[in-house]
Amino acid sequence: MGKRRTGVIARWLVMLLQIIWGMVWGISGAVAREGNAGPERSQPKPEVLFAVGEWPPMITENTPGFGIHTMRVTEAFVAMGYRVRYIFLPWRRAYELTAKGEYAATFSWIRTPERAAEIIYPDHPVARAYQKGFYKKSRFPDGLDIDQIADLDPLGLRPVGVASYWYEVEFRRYGIDADIVSTSEAAWRFLDVGRADIFFEEEQVGWQDMKRILGEEAVANYATTQPVQSDDMFILFSRNHPMGPALRDAFDRFLDTPNGQSMCRRWGVCIKSDENKSVPN
């Protein structure tokens, strides 16, 4: 009996060891599979470099999220699976370097034929801008009845503008003599000392820039015209950057998804560009 009992116990011990070994092997195998999968999940997401300029509160280096438009671009591209980085440059340089292919994209820009020949527009905008003329009340106490750029010439008004902004094309089209400066700060100071009659800017941006550059008290000294232009604003993608065309296509596909449509509804711009092209009033 003792030997048989010993044999039975020995067989049970062998079976138990086999069970335990099987469990250990299974666990170690699972850990190994997780370990092999880990590096794939931890692969860095592709990074997109955007060249942008200062345009507070829409785009600015000095606030969390870098401004209203920048947060929209971040939201969309992170949802698409990218990392984003913003390089702040003078506006003209941001556009030119994107067109050359040193950066994948830049924003926010309205549509012009000249730009469309050099760079790629998506179907979907990221914002809509309302451009108004800012002027000093003391200079024009009866106001300015203006709702298009063409109104400047008959009234003998001399505008100041920032290089590479949309109105440069309009000034040339109507033969309007304008002072073109390199920054919005220079434009505001030009206007404030009376060296120009009017400065066109997106309404929300204009009032904020005015307070930042000229001081809170300046608000009482200025008025605005009616909107002279209302435009969709876009991310522009480089034709000459390796990622440019593919990023444009990926962005448009994403904005057509339920998640993308939810975003653009919050932005208030769920209209494709071919249905709402920029047309001056």
Aromatic plane relationship, W166 with F200 - under 30° parallel, 30 to 60° tilted, over 60° perpendicular: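 F200 and W166: perpendicular rings.
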Plane angle bin for F237 and F77 - parallel if under 30°, tilted between 30 and 60°, otherwise perpendicular: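 Correct class here is tilted.
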Same cluster (ILVMFWY, side-chain, under 4.5 Å), [X] and [Y]:
{"X": "F199", "Y": "V169", "value": "no"}
{"X": "W91", "Y": "Y103", "value": "no"}
{"X": "Y174", "Y": "L157", "value": "yes"}
{"X": "L191", "Y": "I213", "value": "yes"}

The criterion is side chain to side chain donor-acceptor pair (under 3.5 Å); which residues satisfy it with [X], sequence neighbours excluded?
{"X": "D179", "answer": "R158"}
{"X": "E203", "answer": "K132"}
{"X": "Y82", "answer": "none"}
{"X": "E201", "answer": "W55"}

Is there a side-chain contact between [X] and [Y] (heavy atoms, below 4.5 Å)?
{"X": "E168", "Y": "I180", "value": "yes"}
{"X": "D231", "Y": "Q131", "value": "yes"}
{"X": "I120", "Y": "P245", "value": "yes"}
{"X": "P57", "Y": "Q204", "value": "yes"}
{"X": "M233", "Y": "W109", "value": "no"}

Output the distance between atom [atom1] ([X]) and atom [atom2] ([Y]), rounded to the nearest 0.5 Å.
{"X": "R239", "Y": "I119", "atom1": "CZ", "atom2": "CD1", "result": "8.5 Å"}
{"X": "D147", "Y": "L144", "atom1": "CG", "atom2": "CG", "result": "12.0 Å"}
{"X": "L89", "Y": "I87", "atom1": "CG", "atom2": "CD1", "result": "7.0 Å"}
{"X": "T257", "Y": "M80", "atom1": "OG1", "atom2": "CE", "result": "9.5 Å"}
{"X": "I110", "Y": "E202", "atom1": "CD1", "atom2": "CD", "result": "11.5 Å"}
{"X": "M243", "Y": "R248", "atom1": "CE", "atom2": "CZ", "result": "14.5 Å"}

State, to 0.1 Å, how close [X] and [Y] come at their nearest heavy-atom pair, and which atoms those are.
{"X": "A76", "Y": "F251", "result": "CB-CE1, 4.2 Å"}
{"X": "I176", "Y": "I149", "result": "CD1-O, 3.5 Å"}
{"X": "L236", "Y": "Y121", "result": "CD2-CE2, 3.3 Å"}
{"X": "Y135", "Y": "G143", "result": "OH-CA, 3.3 Å"}
{"X": "A105", "Y": "I235", "result": "CB-CG2, 3.8 Å"}
{"X": "P141", "Y": "S138", "result": "CD-O, 3.9 Å"}

For W207, ring pair (Phe, Tyr, Trp, His ring centres under 6.0 Å) partners two or more places apart: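 Expected list: F134.
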Residues in ring pair (Phe, Tyr, Trp, His ring centres under 6.0 Å) contact with Y167, at least two apart in sequence or another chain: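 In terms of ring pair (Phe, Tyr, Trp, His ring centres under 6.0 Å), with neighbours along the sequence ignored, Y167 is linked to Y165, F171.
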Identified side chain to side chain contact (heavy atoms under 4.5 Å, CB included) counterpart of D151 within the set I146, V228, T225: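 Result: among I146, V228, T225, I146 is the only option passing the side chain to side chain contact (heavy atoms under 4.5 Å, CB included) with D151.
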Pairs meeting criterion salt bridge (Lys or Arg N to Asp or Glu O under 4.0 Å) with involvement of residues 61-71, two or more places apart: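 Salt bridge (Lys or Arg N to Asp or Glu O under 4.0 Å) check on residues 61-71 returns no pairs.
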Pair listing, salt bridge (Lys or Arg N to Asp or Glu O under 4.0 Å) test, anchored in residues 208-230, at least two apart: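 Non-adjacent pairs meeting salt bridge (Lys or Arg N to Asp or Glu O under 4.0 Å): D209-R212.
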Under the salt bridge (charged side-chain N to carboxylate O under 4.0 Å, His left out) test, residues paired with R265 that sit two or more places apart: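 So R265 forms no salt bridge (charged side-chain N to carboxylate O under 4.0 Å, His left out) with any residue.
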What donor-acceptor contacts under 3.5 angstrom involve side-chain atoms of residues 66-75, with partners at least two apart or in another chain?
| residue | atom | partner | partner atom | Å |
| --- | --- | --- | --- | --- |
| H69 | ND1 | S108 | OG | 2.8 |
| T70 | OG1 | F66 | O | 2.7 |
| R72 | NH1 | V126 | O | 2.7 |
| T74 | OG1 | T70 | O | 3.0 |
| T74 | OG1 | Y86 | OH | 2.5 |
| E75 | OE1 | W267 | NE1 | 3.4 |
| E75 | OE2 | R266 | NH1 | 3.3 |
| E75 | OE2 | R266 | NH2 | 2.5 |

Polar contact flag, side-chain donor to acceptor under 3.5 angstrom, H124-D232: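 Per modelled atom types, H124 and D232 side chains form no pair under 3.5 Å.
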Cluster companions of Y130 among Ile, Leu, Val, Met, Phe, Trp, Tyr (side-chain spacing under 4.5 Å):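 None; Y130 is a cluster of one.
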Q226, CD atom: more than 12 neighbouring heavy atoms under 6.0 Å: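 No - once you tally the heavy atoms of other residues, nucleotides and ligands closer than 6.0 Å, there are 12 at most.
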Crowding at CZ, R93 (>12 non-hydrogen neighbours, <6.0 Å):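 Not buried by this count: 12 neighbours or fewer within 6.0 Å.
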Result block: side-chain N/O donor-acceptor pairs under 3.5 angstrom for residues 94-102, not counting sequence neighbours:
| residue | atom | partner | partner atom | Å |
| --- | --- | --- | --- | --- |
| Y95 | OH | E118 | OE1 | 2.6 |
| T98 | OG1 | A94 | O | 2.8 |

Ionic contact status for R139 with D197, cut-off 4.0 Å: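 R139 and D197: salt-bridged.
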Say whether, by atom type as modelled, one donor and one acceptor occur between the side chain of [X] and the main chain of [Y] under 3.5 angstrom.
{"X": "T60", "Y": "T63", "value": "no"}
{"X": "R195", "Y": "F190", "value": "no"}
{"X": "R83", "Y": "K45", "value": "yes"}

Stepwise side chain to side chain contact (heavy atoms under 4.5 Å, CB included) test for M58 and V205: CA-CA 7 Å; M58 306 309 184; V205 173; 3.6 Å; yes
Within the 6.0 Å centroid threshold, strictly below: F50 and F107: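 Centroid separation for F50 and F107: below 6.0 Å.
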